[in-house]
Amino acid sequence: ILAAVVIVFMLFWPFRQVPTGSRGVRTQFGAIKGIESEGLVIVPPWQAINLFSIRAEAAHIDKATGSTSDTQPVDTDLTVRYSIQPDRVGEVYEKYSHNGDLSSYVQTATQEVFKAVTARYTAPDLIGKRAQVSNDILEGLRQKLEKYGAQVINIDMRNFAFSDRYMKAINDTVTQE
C-alpha cells in the first residue's frame, strides 16, 4: 500500500521548477491560466507548466538581399539578437510560438527592413555610412518586431557584397587612377 501511495504521489507531484531565463506558462486543458516567474511553482494535477524562454536568442540571416538607390544589388549576412518581452509571454505563447523562438518572424522582418533601408542609400554610401545603415536597420527591426513581443538587442552586419559587374567597374576605375 505504501508503494501505491508513493506512486500516486509521484504522478501527481505538485511541485515544478521554472529555470532562470524562462517563464512558465500555466495551462489548463490548453487554455492559458497564468504566467509563472523563475523558481518553485505549485501546480495542481489538472494544470501544466510549459517552459518559455525569455533569454537572448540569435537569428542568422544569410544573404539578405536589397538594392541601393542607384540600383546596385547588394547582399549581406546579418545576425539579429532578440529576446521576448517578459510581460508579453502570454500573448507570444498564444499567437506566435510555444517556446519563445521567433526566428522565422525575425528572418522575414530582417529581409524586409534590409530592402527598405538599402534603397535609401547609394552603393558608396552603404560602405561609407555603414554605422548609420546598421543603426537604421536596428531601429526598423525594433519597430517591426515589437508587435510580435520581441525586443531587438542588437544586430551584426557582415560582408557587404555587390554584383561582380559593379565590383569590376570599381576595380577598373581604381586601376585607371
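In this text the structure is predicted, and so the values were computed from the model without any measurement. Values below: all heavy atoms of this structure, side chains included; hydrogens, waters and symmetry mates excluded.
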TODO: Quick one: closest heavy-atom pair of M157 and T76, and the distance?
DONE: CG-OG1, 3.6 Å
Open item on the list: So, taking the atom named NZ in K144 and the one named OG1 in T110, what distance separates them when rounded to the nearest 0.5 Å?
Closed with: 10.5 Å
Task: Straight-line distance of Y148 OH to Q85 CD, nearest 0.5 Å - done: 14.0 Å
Open item on the list: Show the nearest heavy-atom pair for residues I49 and V18, with the distance to one decimal.
Closed with: CG2-CG2, 4.3 Å
Task: Within the 6.0 Å centroid threshold, strictly below: Y93 and H98 - done: yes
Task: Residue pairs passing the salt bridge (Lys or Arg N to Asp or Glu O under 4.0 Å) test where at least one lies in residues 67-86, sequence neighbours excluded - done: R81-D156
TODO: Determine which pairs satisfy salt bridge (Lys or Arg N to Asp or Glu O under 4.0 Å) with at least one residue from residues 14-29, sequence neighbours left out, and list them in order.
DONE: R23-E38, R26-E36
Task: Chi angles and distances behind the side chain to side chain contact (heavy atoms under 4.5 Å, CB included) call for T122, T68 - done: CA-CA 5 Å; T122 63; T68 63; 5.5 Å; no
TODO: State plainly whether one hydrophobic cluster holds both V43 and I32, where clusters connect Ile, Leu, Val, Met, Phe, Trp and Tyr through side-chain heavy atoms under 4.5 angstrom apart.
DONE: no
- [ ] Quick one: list whatever passes side-chain hydrogen bond (donor to acceptor under 3.5 Å, both in side chains) with Y121, sequence neighbours left out.
- [x] D136
Open item on the list: Starting from L138, can I reach V117 by hopping between I/L/V/M/F/W/Y residues whose side chains sit under 4.5 Å apart?
Closed with: yes
Open item on the list: Can a side-chain donor-acceptor contact be found between Q28 and Q47 if the only test is distance below 3.5 angstrom?
Closed with: yes
Open item on the list: With rounding to the nearest 0.5 angstrom, report the CD to OG1 distance, E94 to T27.
Closed with: 12.0 Å
Task: CG on L78 to CD1 on I137, rounded to 0.5 Å - done: 5.5 Å
TODO: Measure the shortest side-chain to side-chain distance between Q132 and D125 over non-hydrogen atoms and say whether it is less than 4.5 angstrom.
DONE: no
Open item on the list: Go through it in stages, so that I can follow the logic: the residues are E57 and V80, the test is side chain to side chain contact (heavy atoms under 4.5 Å, CB included), and I'd like the CA-CA distance, side-chain angles, deciding distance and then a yes or no.
Closed with: CA-CA 8 Å; E57 303 281 342; V80 179; over 6 Å; no
Open item on the list: Could you tell me if T79 and R158 have a donor-acceptor pair between their side chains, going purely by distance under 3.5 Å?
Closed with: yes
- [ ] Drop me the distance from L102's CG to S83's OG, to the nearest 0.5 angstrom.
- [x] 10.0 Å
TODO: Taking all heavy atoms of G66 and all of T118, pick out the closest pair and write down the distance.
DONE: CA-OG1, 3.7 Å
Task: OG on S134 to CD1 on I155, rounded to 0.5 Å - done: 3.5 Å
Open item on the list: Quick check on the hydrophobic clustering: are I61 and F160 connected, directly or via other members, by side-chain heavy-atom contacts under 4.5 Å?
Closed with: yes
Open item on the list: Is there a path of hydrophobic side-chain contacts, each under 4.5 Å between heavy atoms, that joins I127 and F114?
Closed with: yes
- [ ] Could I get the full list of ring-ring contact (aromatic ring centres under 6.0 Å, His included) partners for F29, not counting sequence neighbours?
- [x] none
Open item on the list: Can you give me the closest heavy-atom contact between H60 and Q107, atom names plus distance?
Closed with: O-NE2, 3.4 Å
Task: Any donor-acceptor N/O pair, Y82 side chain to S103 backbone, under 3.5 Å - done: yes
Open item on the list: Could you work out, with side-chain hydrogen bond (donor to acceptor under 3.5 Å, both in side chains) as the rule, every residue matching Q17, not counting sequence neighbours?
Closed with: none
Task: By side-chain hydrogen bond (donor to acceptor under 3.5 Å, both in side chains) - contacts of S104 (at least two apart) - done: none
Open item on the list: Can you confirm whether the side chains of K115 and S67 place a donor and an acceptor under 3.5 Å from each other?
Closed with: no
Open item on the list: Testing the basics here: between S97 and F52, what is the closest heavy-atom pair and its distance to 0.1 Å?
Closed with: O-CE1, 3.3 Å
Open item on the list: Would you say V41 ends up clustered with I54 if hydrophobic residues are merged whenever their side chains have heavy atoms under 4.5 Å apart, either directly or through other cluster members?
Closed with: no
Task: Nearest heavy-atom neighbours spanning A109 and L145 - done: CB-CD2, 3.8 Å
Task: Note: E139-R142 ion pair, threshold 4.0 Å (strictly below) - done: yes
